[in-house]
Amino acid sequence: MKPVNRLLAIVIRVLLLCLSGAALTGCDNGASDPRPIVSVQQIDPSNQQEFVRQMVGKYLLLSTHLQNQYQAFKAADDADGFVDYRNSSWTPEYIATKNAYEKVFYDQKAYIYRNQLDGLFDLFFALHKLSVHLKHSMLQEDWALEQQALQKLAQNQAEVNAYLLLAP
């Protein structure tokens, strides 16, 4: 496959993932949301699908926001702006959500492993590393690292989306 066709295929997949993420998460009306970060505290067969949809939606929302801001700041040639966005806006939201999912993971490891949901948690927890790679790629103008990070992000988004089909 030609590099241009491969890149186009990746872009199309990412756009489809973004659209599915937007459909899952809805629109932000700017009002503060009083709901907890993780609404399902105890996963069981009756709410596993709801939990998976929630976690996939949150992953897609966070990863799409990260990617969109990366592209916007890159287009503006503003590496410092991206670093500031990532450090002061994206990372605190990600960390708060990750901490909530870590609590669920550690409280319910047996259920999560038995139902093969551990991969979803692994992908969510690895999102921070991808944000670091994007930050370094922009700061160092390392476009090979950028492509690796963006390809891995697209791959992980597809893997996360696949969990929607696995949920009972």
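- The structure places NE2 of His65 at 9.0 Å from OG of Ser89, a figure rounded to the nearest 0.5 Å.
- The distance from atom CG of Asn68 to atom OG1 of Thr64, rounded to the nearest 0.5 Å, is 6.0 Å.
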- [ ] Could you walk me through whether Asp142 and His136 pass side-chain contact (heavy atoms from CB on, under 4.5 Å), step by step?
- [x] CA-CA 8 Å; Asp142 184 343; His136 288 295; over 6 Å; no

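- Taking CD from Gln116 and OH from Tyr163, the interatomic distance works out to 8.0 Å, rounded to the nearest 0.5 Å.
- Ring pair Tyr101/Phe51: centre-to-centre distance below 6.0 Å.
- Sorted by first and then second residue, the ring pair (Phe, Tyr, Trp, His ring centres under 6.0 Å) pairs involving residues 69-91 (not counting sequence neighbours) are Tyr70-Phe82, Trp90-Tyr94.
- The side-chain heavy atoms of Gln48 and Asn115, taken from C-beta on, include a pair separated by under 4.5 Å.
- Taking Ile, Leu, Val, Met, Phe, Trp and Tyr as members and joining any whose side-chain heavy atoms lie under 4.5 Å apart, directly or through other members, the hydrophobic cluster of Val83 also contains Leu139.
- Listed by chain and number, the residues in a side chain to side chain donor-acceptor pair (under 3.5 Å) with Ser46 are Asp44 (sequence neighbours excluded).
- Sorted by first then second residue, the salt bridge (charged side-chain N to carboxylate O under 4.0 Å, His left out) pairs that include residues 144-160, not counting sequence neighbours, are Lys74-Glu146.
- With sequence neighbours excluded, the residues that form a side chain to side chain donor-acceptor pair (under 3.5 Å) with Glu102 are Lys98.
- If you take CE on Met55 and CG on Leu60, they are separated by 11.5 Å, rounding to the nearest 0.5 Å.
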Please tabulate, for side-chain N and O atoms in residues 117-132, each donor-acceptor pair with protein atoms closer than 3.5 Å (sequence neighbours left out).
from   : atom 1 : to     : atom 2 : distance (Å)
His128 : NE2    : Arg86  : NH2    : 3.4
Ser131 : OG     : Arg86  : NE     : 3.1
Ser131 : OG     : Arg86  : NH2    : 3.4
Ser131 : OG     : His128 : O      : 2.6

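- By the side chain to side chain donor-acceptor pair (under 3.5 Å) test, Asn99 is found to be paired with no residue, residues two or more places apart in sequence or in another chain being considered.
- At a threshold of 4.5 Å between non-hydrogen side-chain atoms, the residues Gln42 and Tyr111 do not count as touching.
- For Lys103, the side chain to side chain donor-acceptor pair (under 3.5 Å) partners two or more places apart in sequence, or in a different chain, are Asp107.
- A search for side chain to side chain contact (heavy atoms under 4.5 Å, CB included) contacts involving Ala72 returns nothing, not counting sequence neighbours.
- Val160 approaches Val56 most closely through the heavy-atom pair O-CG2, 3.3 Å.
- Residues satisfying the salt bridge (charged side-chain N to carboxylate O under 4.0 Å, His left out) criterion with Lys135, sequence neighbours excluded, are absent altogether.
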Task: Worked check of side-chain contact (heavy atoms from CB on, under 4.5 Å) between Tyr59 and Asn156 - done: CA-CA 10 Å; Tyr59 180 93; Asn156 287 3; 3.3 Å; yes

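- Contact of the Leu145 side chain with the Gln148 side chain is registered, since non-hydrogen atoms from C-beta on lie closer than 4.5 Å.
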